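First the structure, in the form of structure tokens, and then the observations on it.
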Amino acid sequence: MAGFVDVLLRGLALCGQAVAIGGVFFAALLLRPASREDPAARSRLARSLALTAGGAIVVAGAQALSQAVQLSVLGDAAAGWPLGAIAGTSYFRASLARIVACAGLVAGCVALARRPDCLRWWVALGGFTVALGAGSAWMSHAAGRLGPRALLLVLDALHQLGAGVWIGGLLHLMVSDAPPSAALLKRFSTMSTVAVATLVTAGVGLTLSYVDSPRALLGTSYGVMVLAKVAVLGGLLFLGAANFVAVRRLPEGSDVSRARMRRFVEVEFGLGLTVLFVAASLTSLPPARDVVAERAPLAEVAVRFTPRWPALTSPTIADMPVDDRNAPRTAADRAWSEFNHHVAGFFVLGMGCLAVLNAAGRAPWACHWPLLFLGLAGFLMIRIDPGAWPLGPLGFWESMQYAEVLQHRLFVLLVVALGLFEWSVRTGRLRIPWAALIFPLLCAVGGGLLLTHSHAGLNLKEEFLIEVTHVPLGVLAMILGWGRWLELRLPPQAGRFPGRIWPLAFTLVGVVLVLYRES
């Protein structure tokens, strides 16, 4: 439970850090020069500085909560929290330095909102930004290496600064102007290009240091999470490149083109947040280079993706080792899990096929396909955790103390929300404009959770062989969510293509689940 909460807090801190770092660069390089002569630019600068301060507050809060989680794990009822021992660690000092840097960022933003021409505060803001990125690097895998680590620390800091300038800058671009002017878009395009080059170069260097072979890349949780991060980053780069070309061709005053570009920036920012949470999940895993004895052979990984006719029978609850959650996985465990995935896959496959028919305009009655989500949620609530309520010995609230059970329950709630909202929207029962965005947003969030979802246990190899099958599901869920988002947000003609893509991704999710295997 503590590990899952810590990953979420780290992801939240990285998101706040991106907003803060991106805001400093966006305000200093793009808004500050124009604010001297343009009153409207001064107003945009004030909004950007307020958002930057908000990001810094999020980082400080998440960092403090993360420290509290660590203390609660290490402490006990008799001895209390080991404050003295923890205060002497480099992790604690780096965490404290980040909180101090955040306080400096907030003070600098408040001062500059009043006096935007004060050069000393701009310099101080830049120093606090570097300190924030450096402190984050001192809490990464780079700080824990036994050999020379100076280069790794520099690469990690540059990697995080580049991500912050790019991803955080996207949010500031969206809120600074509506729609952004062509001149501002072109300046931001140049800044983000440099940031992306820094991000990718540093990321390649870190990957080569932590992943020592193709088997490590494909046979460990760390390696596969790197691949998932690269896949999402590839989508980001594709959207960024498309926007880069569009910006260079954008004539001044083309409001329609800028508004359309804004929709792609929304997706780009959403994918960026997913990358940050995947990066937070990576920090909870041992680097692939360090996992040698428990690397999964490539042949075993390939077996998990080899199609096999789905199992339609399930072990009984009496066959399951429900009394010991730490017991080694048995053949009954695997058969139970496979049956769950296969039945869920038939639900999703049915919805995907109906969504394809509905999108093609050939079956108006198929608009009721979201109701199948409720049947899926009922099935998952009963079957997803055999050791917990309603089948197992653990009560409902007692089972929530286990991170894996809590994550599964959250997925069930997402399934219910998906069904109710999307059915209400598609049948016209819910006409609030933003309500239609709930379905794609939850799909995107669910895909991100699948990529950061981990199974608590002691057998790294077994955990990996379970999690590796979640990666394609997470990627497809994000294609589904952001495709539907673009269909809704773009003009009807432009939204036609993503409107064809997301039902196919939905159907493929069902296919992957139907063919799922753990043995």
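Just so it is clear, the structure is predicted and the values come from calculations on it, not from any experiment. The residues of the chain are indexed from 1 along the displayed sequence.
- Panel note: side chain H159, backbone L206; no donor-acceptor pair is recorded below 3.5 Å.
- Applying the ring-ring contact (aromatic ring centres under 6.0 Å, His included) test to W336 and every residue at least two apart in sequence or in another chain returns nothing.
- Every residue two or more places apart in sequence or in another chain that forms a side chain to side chain donor-acceptor pair (under 3.5 Å) with E300 is listed here: K461.
- Distance check: T274 OG1 to K229 NZ gives 12.5 Å after rounding to the nearest 0.5 Å.
- In this structure, CG in L374 is found 6.0 Å from CG in L371, a value given to the nearest 0.5 Å.
- Under the side chain to side chain contact (heavy atoms under 4.5 Å, CB included) criterion, A13 pairs with A62, R98, not counting sequence neighbours.
- Counting only distance, with no hydrogens or angles, the side chain of S337 and the backbone of R334 share no donor-acceptor pair below 3.5 Å.
- One finds no salt bridge joining D156 and R149 here, because no Lys/Arg side-chain nitrogen approaches an Asp/Glu carboxylate oxygen to under 4.0 Å.
- With values rounded to the nearest 0.5 angstrom, L14 atom CG is found 10.5 Å from L273 atom CG.
- At least one side-chain heavy atom of W138 sits less than 4.5 Å from a side-chain heavy atom of L153.
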side-chain contact (heavy atoms from CB on, under 4.5 Å) between L451 and M478, worked out: CA-CA 10 Å; L451 293 181; M478 285 190 293; 3.4 Å; yes
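- Taking the ring-ring contact (aromatic ring centres under 6.0 Å, His included) definition, one finds that W369 meets it with F439, F506, sequence neighbours left out.
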Chi angles and distances behind the salt bridge (charged side-chain N to carboxylate O under 4.0 Å, His left out) call for E422, R426: CA-CA 6 Å; E422 188 64 6; R426 288 186 172 274; 2.6 Å; yes
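- Remark: F128 pairs with no residue by the ring-ring contact (aromatic ring centres under 6.0 Å, His included) rule, at least two apart or across chains.
- Side chain of T427 to main chain of W423: a donor-acceptor pair is present (N/O by atom type, distance under 3.5 Å, no hydrogens or angles).
- Under the 3.5 Å distance criterion, the side-chain polar atoms of T306 are matched with a main-chain donor or acceptor of A302.
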E518 and R304: CA distance, side-chain angles, deciding distance, salt bridge (charged side-chain N to carboxylate O under 4.0 Å, His left out) verdict: CA-CA 6 Å; E518 294 186 14; R304 297 303 171 100; 5.4 Å; no
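- Qualifying side chain to side chain donor-acceptor pair (under 3.5 Å) partners for T220, counting only residues two or more places apart in sequence or in other chains: none.
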Verdict with supporting geometry, R409 and I384, side-chain contact (heavy atoms from CB on, under 4.5 Å): CA-CA 9 Å; R409 301 299 190 207; I384 198 167; 4.1 Å; yes
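- In this structure, L276 CG and R10 CZ are separated by 14.0 Å, a value rounded to the nearest 0.5 Å.
- With sequence neighbours excluded, the residues that form a side chain to side chain donor-acceptor pair (under 3.5 Å) with S314 are R383.
- Partners of T507 according to the side chain to side chain contact (heavy atoms under 4.5 Å, CB included) rule, which considers only residues two or more places apart in sequence or in another chain, are L349, C353, V356.
- Taking a 6.0 Å sphere around CZ of F269, one finds it holds more than 12 heavy atoms contributed by other residues, nucleotides or ligands.
- Inter-residue side-chain proximity for M139 and Q63 is flagged as met; some heavy-atom pair is nearer than 4.5 Å.
- Side-chain contact between P287 and V211 is absent, with no heavy-atom pair separated by less than 4.5 Å.
- Formation of a donor-acceptor pair under 3.5 Å by the Y210 side chain with backbone atoms of D290 is not found in this model.
- Judged by distance alone, with hydrogens and angles left aside, the side-chain atoms of S95 form no donor-acceptor pair with the main-chain N or O of F92 at under 3.5 Å.
- Residues F346 and P310 have side chains in contact (heavy-atom distance under 4.5 Å, counting atoms from C-beta outward).
- V7 approaches A280 most closely through the heavy-atom pair O-CB, 3.7 Å.
- In the displayed structure, F238 atom CZ is contacted under 6.0 Å by at most 12 heavy atoms of other residues, nucleotides or ligands.
- Using a 4.5 Å heavy-atom cutoff, the side chains of L414 and L449 are in contact.
- Residues passing the ring-ring contact (aromatic ring centres under 6.0 Å, His included) test with F396 are W389, sequence neighbours excluded.
- Distance alone, capped at 3.5 Å, places no donor-acceptor pair between the H342 side chain and the R517 backbone.
- Between V343 and L513 there is no side-chain heavy-atom pair separated by less than 4.5 Å.
- The side chain to side chain contact (heavy atoms under 4.5 Å, CB included) search around V19 returns L51, L171, H172, not counting sequence neighbours.
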Criterion salt bridge (charged side-chain N to carboxylate O under 4.0 Å, His left out) on E487 and R263, from CA distance to verdict: CA-CA 10 Å; E487 181 189 23; R263 306 310 177 204; over 6 Å; no
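- With sequence neighbours left out, the side chain to side chain donor-acceptor pair (under 3.5 Å) criterion links W482 to no other residue.
- Residues Q17 and S136 come closest through the heavy atom pair OE1-CB, 3.5 Å.
- Residues A417 and L442 share a closest heavy-atom pair of CB-CD1, 3.5 Å.
- Residues A20 and L132 approach most closely at CB-CD2, 4.4 Å, considering heavy atoms.
- V471 and A228 make their closest contact through CG1-CB, 3.9 Å (heavy atoms, listed as atom of the first residue, atom of the second, distance).
- Taking the side chain as every heavy atom from C-beta outward, V58 and C15 never approach each other to under 4.5 Å.
- When the side chain to side chain contact (heavy atoms under 4.5 Å, CB included) test is applied to L376, the partners found at least two apart in sequence or on another chain are A344, F347, V348, M351, F373, L380, V415.
- Closest non-hydrogen pair, L486 versus F264, comes out as CD1-CE2, 4.0 Å.
- Here the CG-NE2 distance, from L450 to H470, works out to 6.5 Å after rounding to the nearest 0.5 Å.
- Under the 4.5 Å side-chain criterion, counting only non-hydrogen atoms from C-beta, V475 is in contact with I479.
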